[in-house]
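The model shown is predicted, which means the values in this text are computed figures rather than measured ones. Quick note: numbers below take in every heavy atom, side chains included, and nothing from hydrogens, waters or symmetry partners. Chain naming here is simple, since letters A, B, ... match the order of the sequence lines and numbering starts at 1 in each.
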Amino acid sequence: MAATPLLELNGINKGFGPVQVLHDVGLSVYPGEVTALVGDNGAGKSTLVKCISGIYQIDSGTVTFEGNPVSIHGPSDASSLGIEVVYQDLALCDNLDVVQNMFLGREKKRGIVLDEPTMEQMAGDALASLSVRTLKSLRQLVASLSGGQRQTVAIAKAVLWNSKVVILDEPTAALGVAQTAQVLELVRRLADNGLGVVLISHNMNDVFAVSDRIAALYLGRMAAQVKTTDVTHSQVVELITAGRSGNIGLPPEKPADFNGDAVDITPGGDK
Amino acid sequence: MAATPLLELNGINKGFGPVQVLHDVGLSVYPGEVTALVGDNGAGKSTLVKCISGIYQIDSGTVTFEGNPVSIHGPSDASSLGIEVVYQDLALCDNLDVVQNMFLGREKKRGIVLDEPTMEQMAGDALASLSVRTLKSLRQLVASLSGGQRQTVAIAKAVLWNSKVVILDEPTAALGVAQTAQVLELVRRLADNGLGVVLISHNMNDVFAVSDRIAALYLGRMAAQVKTTDVTHSQVVELITAGRSGNIGLPPEKPADFNGDAVDITPGGDK
Amino acid sequence: ACGDDKGSDSGSGSGSSSAGKVGVILPDTKSSQRWGTDDPKFLKAAFEAAGVQVDIQNAQGDKTAFQTIADGMISSGVKVLMIVNLDSGTGKAVLEKAKKAGIATIDYDRLTLSGGADYYVSFDNVKVGELQGQGLVDCLTAKKYTKPVVAELNGSPTDNNATLFAQGYNSVLDPKYADGTFTKGPNQDVPDWDNAQAGTIFEQMLTSNKNIKGVLAANDGLGNAAISVLKKNKLNGQVPVTGQDATVQGLQNILAGDQCMTVYKAIKKEADAASELAIALAKGEKPTTATGTTKDPESGASVPSVLLTPVSITKESVKDVIADGFVTKDAVCTADFAKACTEAGIS
Amino acid sequence: MSTTTTTTAGGVKVIKPTVNSYIRDYWGRVRGGDLGTLPAILGLIVLSLIFGISTDTFFSGLNFANLFNQSAQVIFIAMGLVFVLLLGEIDLSAGFASGVCGAVVAILLTNHGWEWYTAIPAALVTGLVIGFVLGFLVAKIGIPSFVVTLAAFLGFQGLLLVLLGGGTNISTRDEFFNSLNNDNLSPVWSWILTIVAIVGYAGVQLNNVRSRAKRGLVTDPMGIVAMRIGGLAALLIIGTAILSQERAINPAINSLKGVPIVVPIMGIFLVIWTFVLGRTAYGRHVYAVGGNTEAARRAGIKVDRIRISVFVIGSFMAAIGGIMAVSRASSVDPNTGGSNILLYSVGAAVIGGTSLFGGKGKVINAVIGGAVIAVIDNGMGLLGFSSGTKYIVTGLILLVAASVDALARRRAAATGNR
Amino acid sequence: MSTTTTTTAGGVKVIKPTVNSYIRDYWGRVRGGDLGTLPAILGLIVLSLIFGISTDTFFSGLNFANLFNQSAQVIFIAMGLVFVLLLGEIDLSAGFASGVCGAVVAILLTNHGWEWYTAIPAALVTGLVIGFVLGFLVAKIGIPSFVVTLAAFLGFQGLLLVLLGGGTNISTRDEFFNSLNNDNLSPVWSWILTIVAIVGYAGVQLNNVRSRAKRGLVTDPMGIVAMRIGGLAALLIIGTAILSQERAINPAINSLKGVPIVVPIMGIFLVIWTFVLGRTAYGRHVYAVGGNTEAARRAGIKVDRIRISVFVIGSFMAAIGGIMAVSRASSVDPNTGGSNILLYSVGAAVIGGTSLFGGKGKVINAVIGGAVIAVIDNGMGLLGFSSGTKYIVTGLILLVAASVDALARRRAAATGNR
Ligand SMILES: Nc1ncnc2c1ncn2[C@@H]1O[C@H](COP(=O)(O)OP(=O)(O)OP(=O)(O)O)[C@@H](O)[C@H]1O
Ligand SMILES: Nc1ncnc2c1ncn2[C@@H]1O[C@H](COP(=O)(O)OP(=O)(O)OP(=O)(O)O)[C@@H](O)[C@H]1O
Ligand SMILES: O[C@@H]1[C@@H](O)[C@H](O)OC[C@H]1O
Ligand SMILES: [Mg+2]
Ligand SMILES: [Mg+2]
């Protein structure tokens, strides 16, 4: 495995109004490796992903890509660097069909005219590789897809492109047994092809099955980033739920540190 | 376990325009039991749930509740029968806060005035029982919640009420380890209190952990409804992916039967 | 297809064989109530009496609708087209299209500049303005105010008549301003003759210029808007207001002493004169009544015209308007005004 | 930090806020872009200062009083439109509906000799019926509200003409009726109402704190509650004091003082509708349907009924707006409720912060937005521009007022709020 | 069933449709409520029949030709508004923007003696600039489009008054310019254009089938393609034949025949914008931003640029609408683009099936909706009702036309589509 990370975050802070969600978060993504990002509900995983892809502007901190400091101001910056993201809130256009969604923003053209046949064919191939069998038509509006079908479209959309880093935010949450297996296999294959992959998941079996490293977020702080082979299942669960496990994880917490996270921000919100 | 089902579906058919999604589906939900509804992505599980709760009108078929035929024309009919549903697409109002969402349509009042203190307290208690720890405030808008937090709110919303049947469509998909355990425990507890529970899940471990019966949908047909103790893990997976396993499941398929499901409904959809 | 007398405004005497149909387009109902009530009534009566079919429509201030109505009348085969234009531009376009189809044209009340209509029937609109100006001078003189401040509420900037009215009253008032008898106060146009806007415009004039002592309002609707504001400030009766059109509301305001005068344009006479011309044209005859001419200031052409004389109406002469049959005594002398009516000699 | 941690609802750790922490939080929210009506109020203040500097009458008591009468029609219509907009619907017919209801009252008063206390209810009922029909067509037949109310916009314009016999102006002479949007309360009554309002507000605020405290729920610090009550009291007292001064043009002839009658009427509706939206289940359901119709439907809310009801409220308030317009002009004409009334009313709601996409808005928005529009119109009138210039400047001012708001909210978007 | 199963894209089993199965599917979709422009077209036919029966001139060639000239302004503005509405935005200023651009062209032609080929581009550039400013304020400053364009509505109204020197009107005398929305093509040219249009359409359709077939993708059955081409051809040929007849009231004075010049202009814009929306990446992005702005942003689409662009297109088409209005009236006045023009234009787009919430609509909607409105206006004019009645009946007809659509779509909702 290469020693220099492909993508490196340092000291990332992010708050919404009076609420501080991420505190000094650091994360390294190595090429050819799957980094699992785990954490409790509301720990800040999706927020971190959106900071990386430029959907949110970070309050402070640095992002380094292939050794160079970069600043990402929007999703198009991220994708031009070669970072692809499958978001947890899938962000598909309900009024467009499957093919149209998959190529959104990167349509194939002949001259200025859209090359529909090519796109239809490529979309079909990508979906087929993800074990999609119940889709009635590639021209079906996304609005009418089942939960799992939507998720597959979002995943297929992200892996269509030659990118360097792929981030998947709970990609298998809505998937069936076979589809989940396909996606995990895909994740592994991407990493084996030299990409840096970040996989967010609550499923420890999946995490241990495909990841090389595990990064655990706890209440907006990076509790620990460890090699998967160095930890046990239950250690990771402890990191997720308590922020530390034995001698790994955050330093013993001073309770006051976290009080700030539990301020009721709208006292008497019903006036 | 009681012999008469609490809720019984027979010969349910449902199509959207030219697409037939459910074919002659039958399902029995017994009081005091957890019935797991499984099936591949796009098999028709969520559609079936929406037919039960009156979001979709069925094309034909009968619904029997506590032995009496009923016709459900809308969600309010379902909830007045005592059927509560947690939908896969959570259906929360982003512009309302957590408490407001949880009591939506069934607000506590004093006279004509909303009784906010009571609702706030009840909501807090319900959420606490589901291991929610990262929520900043009960008065936070739902729009700003994490995926798992949203899901917890939706579940808490459904179990606040004294109902007879609770249907949960992939309730743990976005949940963390601890929260998932809580929800499964809750599901079991509900059944033990005599309710009929339907749990939709793609996670076989969860299914086998809590369910009494398993109903498998395959391409819109009910492949089999069996006791959990009578089948193995791999048999269920076979039912899901092939519609039959050994001598259980749908009769050997005549391929022509399913052609209809794969018609491209928008040939040349790009004109 | 149905019978020819489909339109609700069509004449009853469709028996007359020789006469063709006449189309009349009125402008709106906002600039003055006359277009919605008086003109259609009098015109219809005149055509019906002559047994000539007529189609009267109102464009409701919409010039696109104005043209569409004209198109429809032309395609349904009218012999004569009579219009009160919304502005000279569309008026001209309509007149030209009619002429190309071989239809005779009449400008009613408002002259279409460069329009080249065959005939023009109206009042002398500059004269209307002069009467308003003179009326205000008389009322202010009677009140013995020294150097009274006069506010002007002009008509719509898009109505050529409004320009003519202003020309008239300013020709009377400007010398008074110049020689210091009167003081020139605020002066604003009221878009579309909109009464509600006129109210706010006048209220603000009064707020910023508290010693306004006279209001030249271009018609009764605008006058009433000013009177409401004066009433609110309990100044009604002390500040003379002018008007035009001799509407029931205007006449009542005069009787109540809140309005100084109005200008009565004998609309029935105007309608009769116009319909007389149109009837002759519809029968294919050459009209003889258009003895005067009006010079189109833009094209310089002389348009054969019938020009009637407007009359200034004050409290004493309200009865003349009633006597002329323009408004009924019942309408004006309601319970609230019974006493004032008797005082004004209306029996 | 000297905060006391209390554990309440659902084991969620909460900290009892102090005045300091409350202000810090509020400031954090403002910096985060959660501004509420703040920008519109700021805009109002800036506009007032500009007009106050450039004319010498803008800040006179007379002009202050005028503002209320001038803005009444738009504000009442806008209050009703807030409900319609909350559902993401639109009512293009509100302007002419107000005209029709105004015509009804004028005709009954003047032509049929009814008394105000029968004629006004008749007009209000007309409003209710209109709203019901509109709502029915939208909710039950499913025609988009834009089309239904466009048709009604045309239809009511015609109805108004027919009612007015083709276009006559009808004067109203009922003293009480005309006084509604022209006359003033006596100074004594003005003060009594002011005090009632202050005491009422204080009562509600304190009661709220008490009932939450009793449950052990987080409450606002008393200091903040006191500041709120004090703020409102100061505002009302200053306003009433100004309006109680003599402001007649010629005090020798007649005296003009006191709060315009229309002010307490506006106040009452503001309180009622704010209560309905904020404190009743009905109001909650309006927000829910506007935020996510499907979620509301699944929660068992009768979406159709809510939809019909907002049109009923919309047209009812339009009727009141129409009554105020007719009262002010002491007459009705075929253009009452026409011209820019509709756009100004929708504009008032939107400028105040109501979203056209539903789910976001308050009744106070209508009042503040209406005030912005009225101040612009009023100030422009004092400046005496020509009509062309006036339109242009009005447009520009509107734009500037709106961009204060927009720029503030952009920050909100940048920090991810909403 | 005699269908051939082919396995194409992504292993998804697909069946090659036959004419029969295609029609069956289409019928299934229609019964499921997926109606497209069908209801509006149906409404159009029903309305035409009603007016044709109740007047003897509605179906005359002259009246048919009038319809195009009468509807031109609204249809051009509505075409541009479709883009704005697709993004869920609104442009209240489109009417007066068309007036301003019309004034620019008239002033340049008449007062400054420019030629039409310089004056018209100047007006179009004015439109582009207006659109850019509006779009910039919405996209970059973040003011809601309702407020920006309400301000612009007022501003342009004023600008128009100022341009026209306070209220005069300006006549245009340029023959070519005036002919644009008044005169007709010669019958020979009419036929040539008709044939070009038919051949072009056939070419596109057949090419489409060929290129899909080459890839082994599912194609429409040839029978259906032939029916489509045949249908369009029949429509155009019948129309051209009617319009090539003599239709002058008094052919002796001047002859009137051929397709109105404005028809091919409309046709060209219809084709261009349909192409842009349906076949280019830009069009795709417009739908995406309208459907889900956040998803579009995440897909790397420059949302702000798209937002600005739709206002540019909107005002550009408004400029063309203004040019047509001025040409038709051979003059411009301060009310050009005022009155009901704006509401009718938005109404045209909405009646045709464009959603006010964004993401759904086609340019053809504007044409069909505009035709519905024009037919109502035209037919009502022939019936000769009094103004009040006319407004009421117009409103009612609009309502009836819209409820056909609504009732059909309700079924769609019932079956879960959209
Ligand atoms: N726009 C916002 N405004 C305020 N708070 C927010 C906002 N977005 C997220 N949060 C809060 O930030 C925290 C982190 O949210 P995030 O979505 O990153 O969690 P997560 O780790 O992805 O959780 P999950 O596993 O449930 O998806 C949550 O407590 C959430 O309520
Ligand atoms: N409104 C609709 N119009 C057309 N097809 C639809 C519609 N809704 C659902 N479908 C189709 O019906 C099938 C069943 O969908 P459904 O959502 O019930 O699946 P599901 O079993 O819940 O799948 P998942 O596990 O992915 O949630 C899918 O193929 C879907 O594309
Ligand atoms: O009578 C007046 C008419 O001549 C003018 O054109 O419009 C306003 C009316 O008051
Ligand atoms: Mg998340
Ligand atoms: Mg599902």
Point to revise | Ring centres under 6.0 angstrom apart (E/F176, E/W116) | key: yes
Review point. In terms of heavy-atom proximity below 4.5 Å to chain E, should C/I74 be classed as side chain, backbone, both, or neither?
Key: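 For C/I74, the contact with chain E is made by backbone and side chain together.
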Check your understanding: Checking heavy atoms, do the side chain of C/K92, its backbone, both or neither come under 4.5 Å from chain E?
Key -> side chain
Practice item. Measure the spacing between CG of E/N69 and OG1 of C/T64 and express it to the nearest 0.5 Å. Key: 12.5 Å
With a 4.5 angstrom heavy-atom cut-off, which part of [X] approaches chain C: side chain, backbone, both or neither?
X: E/Q157; answer: neither
X: E/I170; answer: neither
X: E/F59; answer: neither

Exercise for review: Could you check if a side-chain atom of C/Y120 sits within less than 4.5 angstrom of a side-chain atom of C/I106, using non-hydrogen atoms only?
Suggested key: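 The answer is no; the side chains never approach within 4.5 Å.
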Point to revise | Donor + acceptor pair across side chains of E/D377, C/T68 (<3.5 Å) | key: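 No, no side-chain donor-acceptor contact under 3.5 Å.
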Review point. Considering residues, nucleotides and ligands other than C/K100, do more than 12 of their heavy atoms fall under 6.0 Å from its NZ?
Key: no
Check your understanding: Which one of C/D62, C/T163, C/D87, C/N58 has the most heavy-atom pairs closer than 4.5 Å to chain E?
Key -> C/D87
Practice item. Could you have a look at C/G36, C/A101, C/A59 and say which one has the most heavy-atom pairs with chain E under 4.5 angstrom? Key: C/A101
Exercise for review: Look at the rings of E/F51 and E/F58 and say which category their plane angle falls in: under 30° parallel, 30 to 60° tilted, over 60° perpendicular.
Suggested key: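 Tilted.
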